[in-house]
Visitor: 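Take this structure, written in structure tokens, and hold onto it; I'll ask about it next.
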Amino acid sequence: MNKIIFLDRDGTVIVDPEDERVDSEDKIKLFPDTIEALKYLADNDFAVILITNQAGIAEGRMNTQDFERINNKVLEMLAPSGVKILKTFMCPHSPEDKCECRKPKPTMLFEAAKEFNIDLAHTYMVGDRASDIMAGINAGTKTILVKTANINVESKEANFTASTLIDAVKYISTNVL
């Protein structure tokens, strides 16, 4: 079995648009190092699970079919890296919904661990927001904050802070659990 890494999608793998909602295919833009970073993971026998909050669904800006179409386009754009993306777990709720799946709650990571028989203590959750870091901590993973979307974001709780996704994956490959 491959080693598993949990990655936040918007703001970590793809650029978070100004309105923070990737609600159409024309808003999908990879960071300059995304393919290189995912290729690095693939070359080091890591597989990826995407973990993403999608409040745009609760807000009526898109529906789950729109999300699936957009996410399939993201996966198509990531394919040249050669990394195996096992699945995308998505929360369709807004913060006001007080659901059980929205990060920082660990539900999506727990579901992934159950489905793919993952020992969470031997994985990393990588994301660009404090909620990503807290979801990883709440699930028992190691965590990396990437400053891809917001260079001013901080998290004292993160195990490591990286300026780019490639820096994060290089750290992971040298600090495999």
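Bear in mind that the values here come from a model prediction, so they are computed numbers and not experimental data.
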Visitor: Pairs in or reaching into residues 49-58: which pass side chain to side chain donor-acceptor pair (under 3.5 Å), with residues at least two apart or in two chains?
Guide: Asp10-Gln54, Thr52-Gln54
Visitor: Within this structure, what is the CD1-CD1 distance for the pair Ile85 and Ile5, rounded to the nearest 0.5 Å?
Guide: 12.5 Å
Visitor: Minimum heavy-atom separation for Ser163 to Asp167, with atom names?
Guide: OG-OD2, 2.8 Å
Visitor: Salt bridge check, Glu36 against Lys39: does any charged N sit closer than 4.0 Å to a carboxylate O?
Guide: no
Visitor: Under the side-chain contact (heavy atoms from CB on, under 4.5 Å) criterion, do Ile14 and Thr34 qualify, and how do the steps go?
Guide: CA-CA 8 Å; Ile14 63 175; Thr34 296; 6.0 Å; no
Visitor: Roughly how far, to the nearest 0.5 Å, is CD1 of Ile49 from NZ of Lys84?
Guide: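 Those atoms lie 10.5 Å apart.
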Visitor: Could you grab the distance from atom NZ of Lys29 to atom CG of Asp16, nearest 0.5 Å is fine?
Guide: 12.5 Å
Visitor: What do you reckon, is NZ of Lys105 surrounded by more than 12 foreign heavy atoms closer than 6.0 Å?
Guide: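 Yes, enclosed.
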Visitor: Closer than 3.5 angstrom, by distance alone: can the side chain of Thr161 be matched with the main-chain N or O of Leu145 as a donor-acceptor pair?
Guide: no
Visitor: Indicate yes or no for a side-chain donor-acceptor contact from Asp97 to the backbone of Ser94 under 3.5 Å, with no hydrogens or angles considered.
Guide: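 Answer holds: yes.
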Visitor: Indicate whether the side chain of Asp128 and that of Thr12 have a donor and an acceptor atom separated by less than 3.5 Å.
Guide: yes
Visitor: Strictly distance-based, threshold 3.5 Å: is any side-chain N or O of Lys103 a donor or acceptor partner for the main-chain N or O of Ile51?
Guide: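 Judged by distance alone, yes, a pair lies under 3.5 Å.
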Visitor: What's the shortest heavy-atom distance between Leu7 and Met125, and which atoms?
Guide: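 Heavy atoms only, the tightest pair is C-CE, 4.2 Å.
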Visitor: Run the salt-bridge test on Glu20 and Lys27 with the 4.0 Å N-O cut-off and return the result as yes or no.
Guide: no
Visitor: Report yes if some heavy atom in the side chain of Phe6 is under 4.5 Å from a heavy atom in the side chain of Met108; otherwise report no.
Guide: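 When only atoms from C-beta onward are counted, Met108 and Phe6 do not touch, as no gap falls below 4.5 Å.
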Visitor: What verdict does the side-chain contact (heavy atoms from CB on, under 4.5 Å) test give for Leu50 and Phe89, after you've listed the backbone C-alpha separation in whole Å, the side-chain angles of each residue and the deciding distance to 0.1 Å?
Guide: CA-CA 6 Å; Leu50 297 175; Phe89 287 82; over 6 Å; no
Visitor: Which heavy atom of Pro106 sits nearest a heavy atom of Ala135, and at what distance?
Guide: CB-O, 3.8 Å
Visitor: Below 4.5 Å, heavy atoms only, C-beta onward: do Glu76 and Lys73 meet side chain to side chain?
Guide: yes
Visitor: Atom CG of Leu75 and atom CD1 of Ile70: how far apart are they, to the nearest 0.5 Å?
Guide: 12.0 Å
Visitor: Looking at every heavy atom in both Leu120 and Leu109, which two are closest together, and how far apart are they?
Guide: CD2-O, 4.0 Å
Visitor: Between Thr141 (side chain) and Gly136 (backbone), is there a donor-acceptor pair under 3.5 Å?
Guide: yes
Visitor: Please determine whether side-chain contact (heavy atoms from CB on, under 4.5 Å) holds for the pair Asn63 and Ile57, giving the CA-CA distance in whole Å, both sets of side-chain angles, and the decisive distance to 0.1 Å.
Guide: CA-CA 5 Å; Asn63 58 37; Ile57 294 172; 5.6 Å; no
Visitor: Specify the closest pair of heavy atoms between Ile4 and Phe46, including all atoms of both residues, with the distance to one decimal.
Guide: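 Where Ile4 meets Phe46 most closely, the heavy atoms are N-CD2, 4.4 Å.
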Visitor: As an exercise, state the distance from CG of Leu165 to NZ of Lys170, rounded to the nearest 0.5 Å.
Guide: 11.5 Å
Visitor: I would like to know whether Tyr40 and Ile166 meet side-chain contact (heavy atoms from CB on, under 4.5 Å); could you show each step before the answer?
Guide: CA-CA 8 Å; Tyr40 190 88; Ile166 193 72; 4.2 Å; yes
Visitor: Any side-chain heavy-atom pair from Val48 and Leu86 closer than 4.5 angstrom?
Guide: no
Visitor: Can you pull the salt bridge (Lys or Arg N to Asp or Glu O under 4.0 Å) pairs that have at least one residue in residues 50-62, sequence neighbours excluded?
Guide: Asp19-Arg61, Arg21-Glu59, Asp23-Arg61
Visitor: Which heavy atom of Phe110 sits nearest to which heavy atom of Ala139, and what is that distance?
Guide: CE2-CA, 3.6 Å
Visitor: Roughly how far, to the nearest 0.5 Å, is the OG1 atom of Thr164 from the NZ atom of Lys147?
Guide: 12.5 Å
Visitor: Is any side-chain heavy atom of Val13 closer than 4.5 Å to a side-chain heavy atom of Asp8?
Guide: no
Visitor: Quick one: do Arg129 and Asp132 make a salt bridge, cutoff under 4.0 Å?
Guide: no
Visitor: Taking the six-membered ring for Trp, are Phe160 and Tyr171 parallel (under 30°), tilted (30 to 60°) or perpendicular (over 60°)?
Guide: parallel
Visitor: Who are the ring pair (Phe, Tyr, Trp, His ring centres under 6.0 Å) partners of Phe67, not counting sequence neighbours?
Guide: none
Visitor: Is it the case that the side chains of Ser173 and Asn44 hold a donor-acceptor pair, with the cut-off being a distance below 3.5 Å and no angle test?
Guide: no
Visitor: So, does Asn159 use its side chain to make a donor-acceptor pair with the main chain of Thr143 at under 3.5 Å?
Guide: yes
